[in-house]
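Below is one structure, written out as structure tokens, with a few remarks after it.
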Amino acid sequence: QVHLVESGGGSVQSGGSLILSCAASISTYTVSCMGWFRQAPGKEREGVALIDSAGRIKYSDSVKGRFSTSQDNSQKKLYLQMNSLKPEDTAMYYCAAAVYGLRGVDLPWMGCNFYYYGQGTQVTVSP
């Protein structure tokens, strides 16, 4: 099973920074990708960043240059450093995992078929 728990969300003014963390508990399956998604009210969930099994890091165009993701394999943690935050970054942010052998209901994003999602952490950016 895979269990993902996000932390670090909060409220910040435009131009500020936040760092999100994801603690991953993974057994049985082998992870192919770890990533971050977000969903704003009234909008569909969208991919933000991912790290694949080869260590390649990919970002959505909307956050490229402002966000960075990293992982600590020894502690099984994933991080999302968010800088130069904008009001349009306001959303619920989710940690996600793609595993070999399971196919999620959503279309693959950046080549990864995410199956597991955490409960999310809210990020609110005020003007």
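In this structure the side chain of L4 never reaches within 4.5 angstrom of the side chain of Y117, judged on heavy atoms. The shortest side-chain heavy-atom distance between L85 and L18 falls under the 4.5 Å cut-off. L107 has its side chain out of reach of N113: every pair of non-hydrogen atoms, C-beta onward, lies at least 4.5 Å apart. No side-chain heavy atom of V125 sits less than 4.5 Å from a side-chain heavy atom of Q13. Residues S68 and Y59 meet the side-chain proximity criterion, which asks for heavy atoms closer than 4.5 Å.
Listed by chain and number, the residues in a side-chain contact (heavy atoms from CB on, under 4.5 Å) with L102 are Y29, V99, Y115, Y116 (sequence neighbours excluded). Evaluation of the side-chain hydrogen bond (donor to acceptor under 3.5 Å, both in side chains) rule for S53 yields Y100 as partners, not counting sequence neighbours. Every side-chain contact (heavy atoms from CB on, under 4.5 Å) that S84 has, sequence neighbours left out, goes to R66. Listed by chain and residue number, S11, T90, Q122 satisfy the side-chain contact (heavy atoms from CB on, under 4.5 Å) test with T124 (two or more places apart in sequence, or in another chain).
Listed by first and then second residue, the side chain to side chain donor-acceptor pair (under 3.5 Å) pairs that reach into residues 14-26 are S17-N83, sequence neighbours excluded. Every pair tested for salt bridge (charged side-chain N to carboxylate O under 4.0 Å, His left out) that includes a residue from residues 68-85 fails, sequence neighbours excluded, so the list is empty. Residues in residues 51-63 take part in these salt bridge (charged side-chain N to carboxylate O under 4.0 Å, His left out) pairs, two or more places apart or across chains: D52-R56, D61-K64. Annotation: disulfide (SG to SG under 2.5 Å) contacts involving residues 44-102, sequence neighbours excluded, comprise C22-C95. For residues 50-93, no residue pair satisfies the disulfide (SG to SG under 2.5 Å) rule, not counting sequence neighbours.
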Can you list, pair by pair, the side-chain donor-acceptor contacts under 3.5 Å of residues 32-51, counting residues two or more places apart and other chains?
| from | atom 1 | to | atom 2 | distance (Å) |
| --- | --- | --- | --- | --- |
| S32 | OG | A98 | O | 3.1 |
| W36 | NE1 | T69 | OG1 | 3.4 |
| W36 | NE1 | Y79 | O | 3.4 |
| R38 | NE | E46 | OE2 | 2.6 |
| R38 | NH1 | D89 | OD1 | 2.9 |
| R38 | NH1 | Y93 | OH | 2.9 |
| R38 | NH2 | E46 | OE2 | 3.2 |
| R38 | NH2 | S62 | OG | 3.4 |
| Q39 | NE2 | K43 | O | 3.0 |
| R45 | NH2 | D106 | OD2 | 2.5 |

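Atom CD of E6 is separated from atom CG of L20 by 8.5 Å, given to the nearest 0.5 angstrom.
Counting non-hydrogen atoms of neighbouring residues, nucleotides and ligands closer than 6.0 angstrom, the CD atom of E88 exceeds 12 such neighbours.
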Show, in sequence, the C-alpha distance, side-chain angles and deciding distance for W109 and S60, and conclude whether the side chain to side chain contact (heavy atoms under 4.5 Å, CB included) test is met.
CA-CA 10 Å; W109 183 65; S60 68; 4.2 Å; yes
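Under the 4.5 Å side-chain contact rule for hydrophobic residues, L80 and V12 share a cluster. The hydrophobic clustering, which links ILVMFWY residues whose side-chain heavy atoms are closer than 4.5 Å, places V5 and L78 apart.
What you find for T121 and S7 is that their closest heavy atoms are OG1-C, 4.3 Å. What you find for A96 and F114 is that their closest heavy atoms are CB-CD2, 3.5 Å.
Without hydrogens or angle criteria, S27 side chain to Q1 main chain gives a donor-acceptor distance under 3.5 Å.
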